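Here is the structure we will look at.
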Amino acid sequence: MSAITPAEQGTLPEPDLVAGLRQGDPICASTFVRTYGGPMLSVARRMLRHEEDARDCVQEAMIQALRQIDGFEGRAALRTWLHRIVVNRALMRLRSRASRAEESLDELMPQFDETGHLIGPTEMPAVSIEDLIEQNDVRRLVRAAIDRLPDGMRTIVLLRDVEGYGTEEVAGMLGISTGAAKVRLHRARNALRKLLEPVLLGRAR
Amino acid sequence: MSPPHITCREFQDFVVDYCERHLSEAQRAVFQQHLADCPMCRVHFETYLKTIELGRRVLAGADPDAPAELPEELVEAVLAGRAAGRADGS
């Protein structure tokens, strides 16, 4: 029986993995799919909120990546390059979905009195993020709050704050101006903030 | 000389650029002065930042309701799709 190769173990250095993919090595292809497939499926699930769509998206993206591996220039990590392909595929799917009527989020925006002063609490308890993260209920509430956002808002929060793309880059992905992206991002964060306010102020039951 | 006064409504217009460090020094001083003077905006801004952090950390973590691995049938489908592409030259 032959020894397990680094490619099979998933410990092959990235340049060697890429070289193997370019040569059409089936073991490298399998390693690539198994190493990156899970994390990419998580990305697609977050964006699409639909398991079948997410699976189709990842399947298409990974086939595209394997077929276009010669176009990978190595300026970014392989994972970063693939991530962008998955995100672009997910955005295409979101655009092709029939847009549903989006509920008004005005009531989730900051409210001001007639003199322009913010209406809201003036003090908050010292609740640490660490303490919040530990709570299953809080994690569930955060996921539910993000899912409540309309696609356009959820997408921009995910791309900017979760996936870590820069605001200008996100604007380019969405085909909108940087200014419009900032406005949408701020509204989305404000909506989420309001939905999570009971948790953040220690009032969640 | 203290920075010019802005309203809470105007303060909101600066928030994203402040977070992105895109404000000029003078604008940043105006923003920070309002933050120091206004307890409502202080709470709002603090919860805004915590919202970003909470969303990032919860969403980037594993979803307890979904398997973290790519299902085997999907692995096979990708590898078959790649092989088909190689066979037809696409």
Side-chain angles (χ1 to χ4, degrees), chain A residues 24 26 29-30 33-34 36-42 45-46 51 55 58-60 62-63 66-67 110 112 115-124 127 129 132-133 136 138-140 142-143 145-146 157-158 161-164 166-167 182-183 185-186 189-190 192-193 195-197 199-201, chain B residues 5-20 22 34 38-86 88-90:
Chain A
S30 173
V33 176
R34 290 174 201 280
Y36 299 109
M40 293 305 126
L41 185 56
S42 296
R45 279 185 184 128
R46 284 196 284 270
E51 184 65 21
R55 290 183 181 207
V58 169
Q59 183 176 336
E60 291 167 3
M62 296 203 87
I63 290 172
L66 285 166
R67 288 180 181 178
F112 304 94
T115 60
H117 284 94
L118 184 68
I119 300 168
T122 55
E123 39 187 72
M124 64 183 288
V127 184
I129 291 283
L132 291 173
I133 289 271
N136 287 336
V138 169
R139 292 200 297 271
R140 204 183 61 247
V142 171
R143 287 180 184 279
I146 291 180
V157 162
L158 287 175
D161 294 338
V162 180
E163 310 299 346
T167 305
K182 286 180 182 175
V183 169
L185 178 63
H186 189 50
R189 286 172 172 171
N190 263 331
L192 209 50
R193 192 208 71 84
L195 291 170
L196 294 176
E197 196 173 62
V199 170
L200 296 164
L201 297 179
Chain B
H5 170 82
I6 54 170
T7 66
C8 302
R9 195 188 287 276
E10 290 164 334
F11 174 85
Q12 284 291 317
D13 296 338
F14 287 100
V15 170
V16 171
D17 279 330
Y18 181 82
C19 293
E20 307 243 334
H22 283 171
H34 185 85
C38 178
M40 283 88 74
C41 285
R42 218 159 38 235
V43 169
H44 188 280
F45 186 58
E46 204 169 318
T47 49
Y48 183 95
L49 294 180
K50 280 192 169 177
T51 298
I52 297 171
E53 176 74 2
L54 201 53
R56 186 179 65 75
R57 294 189 45 186
V58 170
L59 269 285
D63 182 348
D65 299 327
E69 303 286 316
L70 200 63
E72 192 55 32
E73 69 267 22
L74 208 49
V75 172
E76 298 301 328
V78 172
L79 294 175
R82 162 194 163 274
R86 291 180 68 80
D88 68 19
S90 65

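Just so it is clear: chains get the letters A, B, ... in the order the sequence lines come, proteins before strands, and each one is counted from 1. What you are looking at is a predicted structure, and each value in this text was computed from that prediction instead of being measured.
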Legend entry - Part of Leu41(A) lying under 4.5 Å from any heavy atom of chain B: side chain

Legend entry - Per-residue contact mode, Leu118(A) against chain B (heavy atom under 4.5 angstrom): both

Inset, instruction - Inspect the contact between Glu72(B) and Arg34(A) and indicate whether a charged nitrogen and a carboxylate oxygen are less than 4.0 angstrom apart. - result: yes

Inset, instruction - Please identify each residue that fulfils side chain to side chain donor-acceptor pair (under 3.5 Å) with Glu73(B), with sequence neighbours left out. - result: Arg55(A)

Legend entry - Residue among Val15(B), Leu74(B), Thr7(B) with most heavy-atom pairs under 4.5 Å to chain A: Leu74(B)

Legend entry - Heavy-atom pairs under 4.5 Å with chain A, option from Glu20(B), Arg42(B), Glu10(B) with the top count: Glu20(B)

Inset, instruction - Starting at NZ of Lys50(B), measure out to CG of Leu201(A) and round the result to the nearest 0.5 Å. - result: 9.0 Å

Legend entry - Qualifying residue, where the test is side chain to side chain contact (heavy atoms under 4.5 Å, CB included) with Val58(B) and the options are Val138(A), Leu132(A), Ile146(A), Ile133(A): Ile133(A)

Inset, instruction - Count the heavy-atom pairs under 4.5 Å between each of Arg139(A), Glu123(A), Lys182(A) and chain B, then report the option with the highest count. - result: Lys182(A)

Inset, instruction - Counting only heavy atoms closer than 4.5 Å, note whether Leu79(B) contacts chain A via side chain, backbone, both or neither. - result: side chain

Inset, instruction - For Val16(B) and Arg189(A), run side chain to side chain contact (heavy atoms under 4.5 Å, CB included): C-alpha distance rounded to whole Å, both residues' side-chain angles, the deciding distance at 0.1 Å, then the answer. - result: CA-CA 10 Å; Val16(B) 171; Arg189(A) 286 172 172 171; 4.2 Å; yes

Legend entry - Under 4.5 Å from any heavy atom of chain A - which part of His34(B): neither

Inset, instruction - Name the option with the most non-hydrogen atom pairs under 4.5 Å to chain B; the candidates are Leu66(A), Val58(A), Ile129(A). - result: Ile129(A)

Legend entry - Separation of Thr51(B) OG1 from Asn190(A) CG (nearest 0.5 Å): 8.5 Å

Inset, instruction - Could you check which of Arg45(A), Met62(A), Glu51(A) has the highest count of heavy-atom pairs closer than 4.5 Å to chain B? - result: Arg45(A)

Legend entry - side chain to side chain contact (heavy atoms under 4.5 Å, CB included) evaluation trace for Ile119(A) with Met40(B): CA-CA 7 Å; Ile119(A) 300 168; Met40(B) 283 88 74; over 6 Å; no

Inset, instruction - Ignoring hydrogens and angles, state whether a donor on the side chain of Arg9(B) or His117(A) is under 3.5 Å from an acceptor on the partner side chain. - result: no

Legend entry - Nearest heavy atoms of Val162(A) and Gly55(B), plus distance in Å: CG2-O, 4.0 Å

Inset, instruction - Not counting sequence neighbours, which residues clear salt bridge (charged side-chain N to carboxylate O under 4.0 Å, His left out) with Arg56(B)? List them please. - result: Glu53(B)

Legend entry - Separation of Leu158(A) CG from Leu59(B) CG (nearest 0.5 Å): 5.5 Å

Inset, instruction - Drop me the distance from Leu70(B)'s CG to Tyr36(A)'s OH, to the nearest 0.5 angstrom. - result: 14.0 Å

Inset, instruction - Against chain A, label Ala68(B) side chain, backbone, both or neither, depending on which of its atoms sit under 4.5 Å from a heavy atom there. - result: backbone

Legend entry - Euclidean distance, Glu69(B) CD relative to Ser42(A) OG, rounded to 0.5 Å: 10.0 Å

Legend entry - side chain to side chain contact (heavy atoms under 4.5 Å, CB included) between Leu200(A) and Leu54(B), intermediate numbers included: CA-CA 9 Å; Leu200(A) 296 164; Leu54(B) 201 53; 4.1 Å; yes

Legend entry - Donor + acceptor pair across side chains of Glu197(A), Thr47(B) (<3.5 Å): no

Legend entry - Test log, rule side chain to side chain contact (heavy atoms under 4.5 Å, CB included), inputs Arg82(B) and Arg67(A): CA-CA 6 Å; Arg82(B) 162 194 163 274; Arg67(A) 288 180 181 178; 5.5 Å; no

Inset, instruction - To the nearest 0.5 angstrom, please state how far the NE2 atom of His186(A) sits from the CG atom of Asp13(B). - result: 7.0 Å

